[in-house]
Amino acid sequence: MSLDVSKLPRVSIAHLPTPLEFAPRLTQYLGGPQIWIKRDDCTGLAFGGNKARKLEFFLGDALEKGSDAILTMGPVQSNHVRMTAAAARKFGLECHAVLVGDSNAPRMGNFLLDQLLGLEYNLIPGSLDDLPPGLVEQEIENYMTRLAESGRKSYLVPPGGAGPLGELSYSLAAQEIEAQSRKLRINVDYIVVPVGSQGTLSGLILGKKLLGLNANLIGISVCVEGTAESAGLPSIEDMVKEAGKLLKAQVEVSGDDYELLFDYVGDGYGIPTDECISAIKLLAQKEGILVDPTYTGKSLAGLIDLARRGKFNKKDVVVYLHTGGGPGLFSNPAIFD
Ligand SMILES: Cc1ncc(COP(=O)(O)O)c(C=O)c1O
């Protein structure tokens with residue numbers, strides 16, 4: 001079976017398929033399992049990352065609806081905001097965001113790129129973890145009203161690109177991994193992925209269910225347990241179900257379909273752990289591949305810890321989904337002192 005998305009509006013943004021590369025020196029260093037890296041950091045679009053796949057469907061939808069301005073939301077160092085701004089520009093649209101962060105946030109990393117892309121934004125001072133409930137939703141609504149009053153037809157890309165269209169794009173990524181592994185004659189035992197707004201993992205679960213894949217999915221959360229619920233996100237089960245409906249598929253998800261680990265978050269979202277810093281340096285020095293301090297470094301630290309604890313057999317094939325985030329390396333160099 002292959003997934004048919006031909007009826008849905010979609011634009012071409014990401015450089016697909018992204019490479020699936022063996023990581024021989026990391027594998028040897030750990031003494032197994034066999035680690036492969038799915039290079040979704042190489043999707044293109046203003047330094048790349050997982051949001052490029054999602055934005056193909058959101059921008060397709062926005063253009064079909066005749067929108068002329070894109071609005072989204074995220075923290076000041078959001079990869080999602082940076083890539084959404086770039087996608088809007090690629091199709092000649094205005095880009096706007098509600099940002100949350102320090103009102104004196106330094107113009108570095110993603111926040112610098114946002115400004116080069118001409119992002120217009122409203123900054124809410126504070127941190128995503130401790131804003132009064134409903135404030136962000138209210139700010140988004142106010143922003144959309146202002147855009148409408150100034151004659152724009154705006155389109156809201158949900159925070160993190162978490163919405164059925166975004167999840168759908170990662171069911172296609174699961175299909176891509178399956179096709180590549182067949183060609184490479186490897187049998188994927190595990191796929192390990194960072195989890196923020198849960199859309200990437202949900203999309204992979206959808207792909208696994210619909211395509212009947214054997215790979216075990218392990219999501220490594222970069223947010224403390226309960227963040228998704230307090231941010232008003234649907235459960236992973238519901239996210240998969242809703243995305244399945246776009247393919248006219250009825251999908252039931254159970255706890256056996258994936259694992260979600262909260263053991264590698266440390267003190268909270270965006271606060272790097274010592275293990276994350278070590279994992280960033282390890283991958284850089286073993287494979288010449290860079291991961292970031294917020295998402296991919298923490299999930300890689302989780303994968304390394306799981307390997308050391310004997311979660312995998314030495315011969316298992318583990319695909320690590322590198323979802324990008326590179327600009328975050330330039331947001332606070334002092335963490336590497
Ligand atoms: C680099 C990177 N990796 C992973 C994620 C998490 O993906 P999701 O929000 O789909 O769980 C994000 C989300 O912003 C990201 O920017």
Side-chain angles (χ1 to χ4, degrees), residues 5-18 40-101 107-123 136 139-170 172-173 197 199-200 203 246 323-328 330:
V5 295
S6 58
K7 299 237 163 27
L8 291 160
R10 182 184 186 183
V11 293
S12 172
I13 294 178
H15 302 164
L16 302 178
T18 57
D40 271 17
D41 56 320
C42 299
T43 54
L45 190 66
F47 295 118
N50 57 341
K51 310 302 174 183
R53 290 184 189 266
K54 305 182 184 201
L55 287 162
E56 291 200 336
F57 288 96
F58 287 117
L59 265 288
D61 194 32
L63 290 169
E64 190 178 80
K65 293 186 165 129
S67 314
D68 52 18
I70 300 290
L71 173 67
T72 195
M73 178 267 152
V76 276
Q77 281 300 334
S78 168
N79 299 298
H80 165 71
V81 170
R82 177 242 316 163
M83 296 189 71
T84 302
R89 290 312 199 190
K90 184 173 167 64
F91 293 93
L93 309 181
E94 288 185 11
C95 46
H96 300 261
V98 172
L99 297 179
V100 178
R107 209 151 46 103
M108 294 169 92
N110 283 299
F111 194 39
L112 169 65
L113 302 178
D114 289 346
Q115 292 171 44
L116 300 181
L117 290 160
L119 178 78
E120 293 177 55
Y121 59 88
N122 183 21
L123 186 97
V136 167
E139 287 291 328
I140 290 175
E141 212 175 301
N142 294 346
Y143 205 128
M144 288 194 90
T145 306
R146 284 199 300 277
L147 286 171
E149 283 167 359
S150 64
R152 312 297 203 296
K153 189 158 195 273
S154 67
Y155 181 92
L156 179 67
V157 175
L165 290 173
E167 282 79 281
L168 187 70
S169 73
Y170 265 91
L172 297 179
S197 61
T200 303
L246 292 174
T323 49
F330 306 100

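The nearest pair of heavy atoms linking Ser67 to Tyr155 is OG-CB, 3.4 Å. Of all the heavy atoms in Pro158 and Phe58, the pair that sits closest is CD-CE2, 3.6 Å. Minimum heavy-atom separation, Met83 to Thr43: CE-OG1, 4.2 Å. Shown here for Gly161 and Glu167, the closest heavy-atom pair between the two residues is O-OE1, 3.9 Å. Taking all atoms of both residues into account, the shortest heavy-atom contact from Leu45 to Arg82 is O-NH1, 4.2 Å. The two atoms that bring Asp114 and Val76 nearest to each other are OD2-O, 4.0 Å, heavy atoms only.
Open room surrounds CZ on Phe47; 12 or fewer heavy atoms of other groups in view lie less than 6.0 Å from it. The environment of Arg107 atom CZ is sparse: at most 12 non-hydrogen atoms of other residues, nucleotides or ligands sit within 6.0 angstrom.
You'll find the side chain of Leu93 reaches within 4.5 Å of the side chain of Leu63, heavy atoms only. Residues Val5 and Phe57 form a side-chain contact, since some pair of their non-hydrogen atoms from C-beta on lies under 4.5 Å apart. Using a 4.5 Å cut-off on side-chain heavy atoms (C-beta onward), Leu16 and Leu172 make no contact. The shortest side-chain heavy-atom distance between Arg10 and Leu165 does not fall under the 4.5 Å cut-off.
Distance check: Thr84 OG1 to Asn79 CG gives 10.0 Å after rounding to the nearest 0.5 Å. To the nearest 0.5 Å, atom NZ of residue Lys51 and atom NZ of residue Lys54 are 3.5 Å apart. Taking CG of Asp68 as the start and CZ of Phe91 as the end, the distance is 15.5 Å to the nearest 0.5 Å. Of the inter-residue distances, the one linking Leu119 atom CG with Asn110 atom CG reads 11.0 Å to the nearest 0.5 angstrom. To the nearest 0.5 Å, atom CG of residue Leu113 and atom CE of residue Met108 are 11.5 Å apart. Separating the CZ atom in Arg53 from the OG1 atom in Thr18 is a distance of 4.5 Å, to the nearest 0.5 Å.
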*May I have the step-by-step check of side chain to side chain contact (heavy atoms under 4.5 Å, CB included) for Glu120 and Tyr143, ending in yes or no?*
CA-CA 11 Å; Glu120 293 177 55; Tyr143 205 128; 3.9 Å; yes
*asked:* Go through it in stages, so that I can follow the logic: the residues are Val11 and Lys90, the test is side chain to side chain contact (heavy atoms under 4.5 Å, CB included), and I'd like the CA-CA distance, side-chain angles, deciding distance and then a yes or no.
replied: CA-CA 11 Å; Val11 293; Lys90 184 173 167 64; over 6 Å; no
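Under the rule for a ring pair (Phe, Tyr, Trp, His ring centres under 6.0 Å), the partners of Phe111 that lie at least two apart in sequence or sit in another chain are Tyr121. Residues satisfying the ring pair (Phe, Tyr, Trp, His ring centres under 6.0 Å) criterion with His80, sequence neighbours excluded, are absent altogether.
Looking only at atom types and distance, the side chain of Ser150 has a donor-acceptor partner in the side chain of Arg152 under 3.5 Å away.
Only one option out of Asp40, Thr323, Thr200 pairs with Asn50 in a side-chain hydrogen bond (donor to acceptor under 3.5 Å, both in side chains); it is Thr200.
Judged by distance alone, the side chain of Ser154 and the main-chain N or O of Met144 form no donor-acceptor pair under 3.5 Å.
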